[in-house]
Amino acid sequence: MKCAVLGDPIDHSLSPALHRAAYAELEMSDWSYTSTRVQAGGLATYVADLGGDWPPSRWRGLSVTMPLKREAYELARSISPRARLVGAVNTLVRSSHGWVGDNTDLPGAVAAIRERAGADFSCASGAILGAGATAASTGLALAELGASRITLLARNPGAAGETIEMISRHRSKPVVSVLPIDSAIDGVDVVVSTVPAKAQTPELIDRWASTPVVFDVVYDPWPSPLLSVTPGVAISGLDLLVHQAVLQFELFTGRPAPLEAMRAEGEKALASRESSMEPSPA
């Protein structure tokens, strides 16, 4: 059976390493996982070329990353409730009635936080640095964890309307607001950073590093500037990536995923990237 991750750019993706590690751990030699660059606007054509017959011509699942998540939503024959809530699909699973769209970003974020902060962890108030698509899915994750107040801290607060609306759709009806990214807020239980490492200024780090739980969706570079000085619970982008990949693996294969084997391979792949960037001896 064949699976793949699609997006643009795609060369940086750790998904092939994670899924292949799971296949190796469970001795699933008849499964493969590749990466393919598919540009914006090209998903429907790519999927059509895979064939539409059932049983499938060995194609079982597709992991979908940016900029294709909205296209995947439109392409799917049916949509899971959580993908409908997020408004984006990052997982396409082949079925007898076509491609089923799901989203593992939201439950993956919840699982990543609970793994590091405790299985019974809940929060009352959360802050998110950034206001894009990742802020929407992690904001919904905070709502799942009990946050009744969620503040977006955006470089362009005026562009946060769609993300505010999306988080506000959660069944718990959290109060969602937006402030400039340099604002300070008291009483926050969890801060999620969705901004690039280069945007993590010394002032931003000083303002948020002491939050009890700090979740940075960045996994490269590791550790990010924010997580490198956090004294509390630290959750990385690799934690998120592994947990969403675990859920994808289970949707594709119907088998429990070997989480630790997948995490170990992810850590190994990141370490290899870091070592390849080190300067050569003179």
Side-chain angles (χ1 to χ4, degrees), residues 1-24 28-109 132-134 136-137 162 166 194 217 219-220 237 240-255 257 262 265-266 269 273:
M1 300 296 288
K2 297 179 181 179
C3 299
V5 58
L6 315 177
D8 183 26
I10 201 63
D11 290 344
H12 70 289
S13 177
L14 289 179
S15 292
L18 300 180
H19 285 261
R20 290 170 186 167
Y23 299 156
M28 298 169 63
S29 60
D30 55 339
W31 284 74
S32 66
Y33 192 103
T34 56
S35 63
T36 300
R37 181 183 177 220
V38 177
Q39 295 178 300
L43 182 62
T45 299
Y46 178 86
V47 171
D49 288 344
L50 299 181
D53 297 333
W54 185 265
S57 55
R58 295 188 60 82
W59 280 100
R60 177 58 178 164
L62 299 171
S63 306
V64 182
T65 187
M66 297 303 290
L68 305 174
K69 293 183 181 183
R70 295 296 173 88
E71 292 180 41
Y73 188 95
E74 298 299 325
L75 180 148
R77 182 71 177 272
S78 61
I79 304 289
S80 71
R82 60 193 180 195
R84 198 172 299 279
L85 178 63
V86 177
V89 160
N90 79 330
T91 307
L92 288 168
V93 184
R94 193 75 172 276
S95 75
S96 59
H97 61 278
W99 291 95
V100 177
D102 207 337
N103 186 291
T104 64
D105 290 331
L106 169 54
T134 304
S137 60
E162 184 177 357
M166 193 170 295
T194 69
V217 302
Y219 63 81
D220 189 8
L240 171 60
L241 185 65
V242 168
H243 278 284
Q244 68 87 17
V246 160
L247 293 167
Q248 284 187 338
F249 174 90
E250 293 174 350
L251 288 169
F252 294 160
T253 69
R255 299 183 61 174
M262 296 171 76
E265 187 61 29
R273 288 184 186 181

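Model, not experiment: these values are computed from the prediction. Throughout, numbering of the chain's residues begins at 1 and tracks the sequence.
The neighbour count for Asp49 CG, taken as heavy atoms of other residues, nucleotides or ligands under 6.0 Å away, is above 12.
Formation of a donor-acceptor pair under 3.5 Å by the Arg60 side chain with backbone atoms of Phe252 is found in this model. A donor-acceptor contact shorter than 3.5 Å links the side chain of Arg82 to the backbone of Asn103.
Heavy atoms only, all atoms of each residue included: Phe249 and Ala22 are closest at CE1-CB, 3.5 Å. Across every non-hydrogen atom of Ile79 and Ala83, the tightest pair is CG2-CB, 3.7 Å. Pairing each heavy atom of Ala269 with each of Leu14, the nearest pair is CB-CD2, 3.6 Å. Across all their heavy atoms, Tyr219 and Gly237 have their closest contact at CB-C, 3.7 Å. Considering every non-hydrogen atom in both Trp99 and Gly61, the closest pair reads CZ3-CA, 4.3 Å. Of all the heavy atoms in His243 and Gly108, the pair that sits closest is CB-O, 3.6 Å.
With sequence neighbours excluded, the residues forming a side-chain contact (heavy atoms from CB on, under 4.5 Å) with Ala245 are Leu18, His19, Met262, listed by chain and number.
Among residues at least two apart or in separate chains, side chain to side chain donor-acceptor pair (under 3.5 Å) pairs with a member in residues 35-44 are Asp8-Arg37.
Side chains of Asp102 and Thr91: no donor on one and acceptor on the other come within 3.5 Å.
In this structure, Pro16 and Val5 have side chains that are in contact, with non-hydrogen atoms separated by less than 4.5 Å. Contact annotation: the side chain of Thr253 approaches that of Met28 to within less than 4.5 Å [non-hydrogen atoms, C-beta and beyond]. No side-chain heavy atom of Tyr23 sits less than 4.5 Å from a side-chain heavy atom of Met1.
Rounded to the nearest 0.5 angstrom, Cys3 SG and Arg94 CZ are separated by 11.5 Å. Taking OG of Ser80 as the start and CG of Leu106 as the end, the distance is 9.5 Å to the nearest 0.5 Å.
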Problem set entry | Derivation of the side-chain hydrogen bond (donor to acceptor under 3.5 Å, both in side chains) call for Asn90 and Thr104 | CA-CA 7 Å; Asn90 79 330; Thr104 64; 3.1 Å; yes
Only distances under 3.5 Å count here; give the side-chain donor-acceptor pairs of residues 62-77 to other protein atoms, sequence neighbours excluded, each with its distance to 0.1 Å.
unit_1, atom_1, unit_2, atom_2, d
Ser63, OG, Tyr33, OH, 2.6
Ser63, OG, Gln248, OE1, 2.8
Lys69, NZ, Asp105, OD2, 2.8
Arg70, NE, Gly87, O, 3.0
Arg70, NH1, Glu162, OE2, 3.1
Arg70, NH2, Glu162, OE2, 3.2
Glu71, OE1, Gly41, N, 3.3
Glu71, OE1, Leu43, N, 3.4
Glu71, OE2, Gly41, N, 2.6
Arg77, NH1, His97, O, 3.2

